[in-house]
Amino acid sequence: MKCNFCWEDLEGQAVVTACGHLFCSEDAAKILRDEGGCPVCDQPFRVTNDVEMNPTEHWINMAMTGVTPELAMRTANESLKFYISQMELECENKMNIFGNQCREQCQGMKSKCIEKMEQVRKAYEKLGKRCGLMEQEVANLTKDKQELQEKFSETSREFESVKHTSTQRVNREDHHFSVVENREPTRRDRLSFHSPAPPGPRDQIWPARQKSANSGPLNHVTSKQKHC
């Protein structure tokens with residue numbers, strides 16, 4: 001069995017209280033010194049007797065000598081009840097320890113869950129801000145696209161207008177040239193179209209100069225002096 005205070009295995013001498021609880025000698029002395037109540041039921045701490053947790057055969061024989069069967073049965077019944085009560089206290093203590101451990105683990109898991117939820121909340125807020133920026137960017141891009149489409153439409157209309165005007169002008173010029181080519185030439189046209197024959201070679205138009213040793217600017221000057 002175990003001490004009902006420190007829950008350590010009992011060896012040697014132990015103390016039984018009037019309220020039916022079992023303590024080791026050290027814890028019993030401490031409780032009596034502090035003048036506290038029973039730590040199990042909080043009743044006044046009163047020691048009834050000391051018990052031997054590991055009795056020898058000689059001690060058992062001495063204790064049972066002269067005991068009638070009725071007294072032995074009553075004593076065994078009381079001992080069995082005491083043992084059952086001690087087992088119940090041990091089970092209750094184990095359940096309390098297990099419950100405390102579960103509460104500590106649940107508290108730790110709760111703290112971790114709260115921390116994770118806070119991280120998720122911050123990530124969600126960050127993602128929401130990013131989505132807002134992306135929506136604004138998409139709106140700006142849509143606006144730019146509409147402006148570009150309007151400019152493209154305006155430029156296309158101007159191009160079509162210029163193309164139409166150029167086509168009409170080319171068509172008028174082609175029509176005018178076709179009319180001029182198909183009409184009969186008048187007298188004025190015949191005169192204007194008449195051109196003289198091309199000139200002959202250069203030697204025929206400009207006679208070749210006779211090359212001589214006396215020709216040249218110096219000879220020309222000398223001849224003038226002679227005439228004078």
Side-chain angles (χ1 to χ4, degrees), residues 2-9 27 36-37 39-42 87-209 211 217:
K2 298 180 181 296
C3 174
N4 297 160
F5 184 77
C6 62
W7 297 104
E8 297 290 340
D9 291 332
D27 291 335
V40 179
C41 61
D42 202 26
M87 293 298 103
E88 290 177 351
L89 287 175
E90 289 184 13
C91 291
E92 184 179 355
N93 179 67
K94 290 180 180 179
M95 290 297 295
N96 292 332
I97 293 174
F98 181 74
N100 292 332
Q101 292 177 351
C102 290
R103 278 192 294 271
E104 290 177 358
Q105 292 179 359
C106 291
Q107 188 66 28
M109 293 176 65
K110 181 179 179 181
S111 301
K112 291 182 179 180
C113 289
I114 293 174
E115 184 179 356
K116 291 293 183 181
M117 289 296 294
E118 185 67 19
Q119 293 177 358
V120 170
R121 185 185 65 80
K122 291 181 180 180
Y124 179 77
E125 290 179 355
K126 185 177 180 180
L127 184 62
K129 292 180 181 179
R130 187 175 180 182
C131 290
L133 294 175
M134 292 179 69
E135 289 178 355
Q136 184 66 30
E137 186 176 358
V138 169
N140 294 333
L141 290 174
T142 304
K143 184 178 179 181
D144 295 340
K145 179 182 177 182
Q146 292 178 354
E147 293 179 356
L148 289 173
Q149 287 178 347
E150 292 176 358
K151 290 181 180 179
F152 178 76
S153 300
E154 184 178 356
T155 305
S156 299
R157 288 193 296 269
E158 292 178 357
F159 175 76
E160 292 295 333
S161 177
V162 173
K163 180 180 177 182
H164 182 68
T165 304
S166 301
T167 304
Q168 288 181 349
R169 184 179 299 173
V170 171
N171 291 335
R172 286 198 300 269
E173 291 178 356
D174 291 343
H175 178 70
H176 177 71
F177 289 150
S178 63
V179 170
V180 171
E181 289 177 357
N182 293 330
R183 73 175 182 175
E184 295 181 357
T186 59
R187 184 172 181 275
R188 185 174 182 180
D189 294 333
R190 289 195 295 271
L191 292 176
S192 61
F193 292 157
H194 178 71
S195 59
R202 182 178 179 185
D203 294 340
Q204 297 178 5
I205 299 173
W206 303 99
R209 294 182 181 178
K211 296 181 180 180

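Residue numbers run from 1 in the order of the sequence given. Because the structure is predicted, anything quoted here is derived from the model rather than measured.
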Legend entry - Nearest-0.5 Å distance, CZ of residue R103 to CZ of residue F98: 11.0 Å

Legend entry - Sequence-distant partners of E125, salt bridge (Lys or Arg N to Asp or Glu O under 4.0 Å), two or more places apart: R121

Legend entry - Contact list for residues 148-167, test side-chain hydrogen bond (donor to acceptor under 3.5 Å, both in side chains), sequence neighbours left out: H164-Q168

Legend entry - Shortest non-hydrogen contact from C6 toward D27: SG-OD2, 3.1 Å

Inset, instruction - Working to the nearest 0.5 Å, report the span between CH2 of W7 and CG of L89. - result: 5.0 Å

Inset, instruction - Supply the atom-to-atom distance C3 SG to E90 CD, rounded to the nearest 0.5 angstrom. - result: 10.5 Å

Inset, instruction - Please say whether more than 12 non-hydrogen atoms of neighbouring residues, nucleotides or ligands are located less than 6.0 Å from CD in E137. - result: no

Legend entry - Contacts of D9 that satisfy side chain to side chain donor-acceptor pair (under 3.5 Å) - sequence neighbours left out: K2

Inset, instruction - Kindly compute the distance separating CD (E88) from CE (M95), expressed to the nearest 0.5 Å. - result: 13.5 Å

